[in-house]
Amino acid sequence: MRFRGTAVVAVGIAVLVLGAGTATGDTRAPGEGPGIQIVEAPDDPAESQFVPGGSNVVPPTAAPATDIGTTTNKIQTLAAPFYTCPGFSGIEKTNPLANLYSDRFQWGPYAYVKVGTGRGNINWASNPYKNASWYMWFHSLRWLGQGIVAAGKGDLVALTRVNTIAYDWYRDNPYSWKTNIGAWESTMHRTNVLICLRQAILTGLNVTTVPARYAWVNAALLSHARFLTYNWSGAWNHGTDESIALFGVGCVLGRTDYKNLAQQRFAAGITTSIDAQGGTNEQSTGYASFNYTLWGRAITVMQNCGVNPGTTIANRRALLAKFLTLATNSLGNLHQIGDTEVRGVHPWPGTSLEYAGSKGTLGTAPPWRVGAYSAGYIFGRTGWGTDPTRGFAGESAYSIRYGTGRAFHGHLDHTSITYTSRGRDIIVDGGYAAYNAGAYRTWSVSPSAHSVMTTPMSTYLNPVTRLTALSVKSNAESYVFADVPGAGISRARRVLVLKDPDMMVTWDTASAKTAQAFQTLWHLPADQRASVYSRTTAVAMAPGDTTKTILFQVPFKQALPAGAILVKQAQTNPIQGWQYPSSFVRKSAPTLMLARSGKSASILSFVVPVRSSGSVTYKTYWSGTTFIVSLKVGGKAVAVAISAGGSLYRAG
């Protein structure tokens with residue numbers, strides 16, 4: 001990278017100004033024009049996706065699609081093939097023209113930074129916050145968006161500035177920039193910005209071919225396509241984004257080889273990125289949602305450039321839409337799993353997401369309410385709000401994680417639960433901490449940030465967790481999970497979810513060859529305050545709320561020791577009692593810890609949301625070899641049983 005002196009830059013700017021004003025002879029007078037066409041692409045995840053020291057290539061593992069780019073039913077476009085500018089992902093909103101003219105850049109929660117001399121000569125080594133994501137988006141050039149839009153409408157001053165800055169990047173970062181990870185990761189984004197700039201040049205100058213003085217843009221697109229050709233990230237969102245950008249270069253520059261390679265990668269990636277059930281390989285509901293919109297754009301860009309996208313992508317997206325519908329909780333948000341911020345669900349018209357995303361105000365209620373996915377997810381709910389006495393928010397919804405070990409954007413969250421009921425969060429996830437959050441990022445990924453049974457004295461093995469039993473009935477669902485979380489440790493979690501009354505029951509058991517600390521954690525929302533009333537019972541409630549959560553444990557096969565239930569909140573050593581609703585927001589939140597020690601543990605716990613004045617009473621007894629917990633929840637009677645064989649089920 002080179003940060004040149006002002007004298008040299010002044011010459012470069014003079015040439016570029018001349019180019020902006022004199023183009024080719026078939027320019028129109030400067031003035032407000034229609035501008036470039038922008039069809040907004042999905043907002044990219046805010047955080048850099050490169051993990052230092054890790055591989056970021058995901059090889060396809062499933063057979064590729066065979067119907068992409070076929071000549072059957074060839075797409076007929078109404079005009080010449082085109083590739084629309086996909087916009088700037090919102091990064092341009094905090095980078096107005098005035099700041100571009102003074103070489104200032106802003107991203108995320110950080111203040112503006114002057115990154116150049118004020119004349120378009122940028123120091124591309126700038127990273128004042130030592131943040132990989134800040135640096136990556138700086139190199140993406142998306143912050144030039146407002147200037148590019150203005151240039152496309154005939155603002156030649158804006159055209160000069162964005163052209164100067166973009167050319168400065170191209171000159172200071174010669175091919176190949178693979179040793180610069182921020183420049184590397186942002187290649188696909190920067191490729192699209194250069195395509196948008198190229199369109200702004202044509203539209204702003206009212207020309208049909210790129211003037212000679214702007215020929216560097218075409219050269220830059222070719223170098224970016226070359227980079228994308230030799231550096232494909234494979235079958236995940238990063239690889240799909242790269243393939244879309246490569247296809248875009250092929251479309252705007254008429255390069256069939258680039259388009260064909262991108263099509264081959266679409267075909268290879270789709271069947272691994274979205275499996276035959278509709279689950280994604282990224283272990284994050286947020287990234288699942290992003291993949292839905294990303295593959296939709298892949299279909300559109302192929303159609304717009306006269307290529308048949310086939311049916312495989314559309315079919316897999318339809319399955320993913322069902323997955324995301326089931327992954328919508330009763331608040332209209334995605335269950336927060338993996339690297340996912342608390343976010344609503346888009347009500348895509350004509351899909352089941354229309355109903356889920358609109359909280360039941362649009363579309364038709366889906367015909368299914370429980371889904372188990374081999375990708376490692378279970379989603380369930382008491383209903384879709386069609387019962388007027390409940391409504392959408394009055395239903396209960398839950399998620400449970402299992403499956404293969406952590407990868408990509410996943411967390412060490414196997415057997416973890418999230419739960420919403422009575423119009424609020426009941427059990428939450430620790431959330432999504434920014435990659436530069438240090439120890440808090442480590443905690444947010446760890447088992448301790450999730451509602452699981454942990455064994456903190458042992459090294460977590462990132463196990464495969466098996467779903468060994470499943471039962472779905474009209475008023476209850478039950479599941480059994482088993483794994484080996486640490487050396488010499490066996491763990492099982494039995495989960496029972498009830499309707500009328502709505503509640504959740506878990507029975508965690510574990511055995512170990514050496515003495516361990518066993519801790520079943522329940523992460524509660526940041527707005528609630530939790531109080532311990534006895535060795536068995538704690539209550540959590542937000543001030544003035546109409547709902548409270550009664551969480552209690554029933555002694556079963558193991559006596560409750562002193563300190564059997566504890567509240568941990570806002571701890572820093574060890575870190576515990578926090579919630580990240582978004583990657584840059586950390587809130588103090590109560591975590592209930594049900595604690596045991598020794599070589600075995602048996603923790604039978606109940607999570608019961610009730611009205612603020614409600615109560616729960618229970619008694620236990622044996623019926624032969626079956627253990628019964630008979631409860632009254634808000635006046636409704638229900639019984640939970642554990643058979644001699646270890647089955648946890650609703651008995652009445």
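None of these values were measured; they are calculated from a predicted model. Start at 1 with the first residue, then count along the sequence. Worth knowing before you read on, the calculation uses all heavy atoms, side chains too, and leaves out hydrogens, waters and symmetry mates.
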Mutual orientation of the aromatic rings belonging to F392 and Y355 [parallel < 30°, tilted 30-60°, perpendicular > 60°]: tilted
CE-OG1 distance between M188 and T191, expressed to the nearest 0.5 angstrom: 9.5 Å
Gap between atom OG1 of T325 and atom CZ of F379 - 0.5 Å precision: 10.5 Å
Neighbour count >12 (heavy atoms, 6.0 Å) for atom NZ, K359: no
Pair N281-Y287, side chain to side chain donor-acceptor pair (under 3.5 Å): steps then yes or no: CA-CA 9 Å; N281 61 348; Y287 277 88; over 6 Å; no
Geometric class of the Y377/F323 ring pair [parallel <30°, tilted 30-60°, perpendicular >60°]: perpendicular
Test side chain to side chain donor-acceptor pair (under 3.5 Å) applied to S233 and N56, step by step: CA-CA 6 Å; S233 296; N56 295 285; over 6 Å; no
Proximity of Y432 and Y580 rings by center, below 6.0 Å: no
Contact check, side chains of P447 and D413, non-hydrogen atoms, under 4.5 Å: no
Inter-residue atom distance D502.CG - N475.CG, 0.5 Å rounding: 10.5 Å
Side chain to side chain, E282 and N237, heavy atoms closer than 4.5 Å: yes
Ring geometry between F266 and F247 (parallel below 30°, tilted from 30 to 60°, perpendicular above 60°): tilted
E40/R297 salt bridge by N-O under 4.0 Å criterion: no
Between W137 and H189, ring centroids under 6.0 Å: yes
Shortest non-hydrogen contact between V57 and P59, atoms and distance: O-CD, 3.4 Å
Any R441 side-chain heavy atom under 4.5 Å of V445 side chain: yes
Derivation of the side chain to side chain donor-acceptor pair (under 3.5 Å) call for R190 and H224: CA-CA 8 Å; R190 191 171 52 253; H224 280 61; 2.8 Å; yes
D67 side chain to T312 backbone, donor-acceptor under 3.5 Å: yes
Within 45° cone of Y440 ring axis and under 6.0 Å: R586 NZ or CZ: yes
Whether W107 and F584 hold their rings parallel, tilted or perpendicular, with breakpoints at 30° and 60°: perpendicular
Whether Y435 and H409 hold their rings parallel, tilted or perpendicular, with breakpoints at 30° and 60°: tilted
A375 versus T280, closest heavy-atom pair with distance: CB-O, 3.9 Å
Separation between CZ of R401 and NE2 of H414, rounded to the nearest 0.5 Å: 4.5 Å
Close side-chain approach of S273 and W236, heavy atoms under 4.5 Å: no
Any side-chain heavy-atom pair of T506 and R493 under 4.5 Å: yes
Ring-ring centroid check H411 H450, cutoff 6.0 Å: yes
Gap between atom OG1 of T468 and atom CZ of F481 - 0.5 Å precision: 8.5 Å
Pair D500 + R390: basic N to acidic O under 4.0 Å: yes
Candidates N329, D429, T285 - the one meeting side chain to side chain contact (heavy atoms under 4.5 Å, CB included) with T418: D429
Point-to-point distance, once rounded to the nearest 0.5 Å, from OG of S289 to NE2 of H346: 9.5 Å
Check: Y398 and R381 side chains under 4.5 Å, non-hydrogen atoms: no
Non-hydrogen side-chain atoms of I313 and I68 separated by less than 4.5 Å: yes
Heavy-atom side-chain contact between Y402 and V464 under 4.5 Å: no
Heavy-atom pair with the smallest gap, counting every atom of F518 and M453: CD2-SD, 4.3 Å
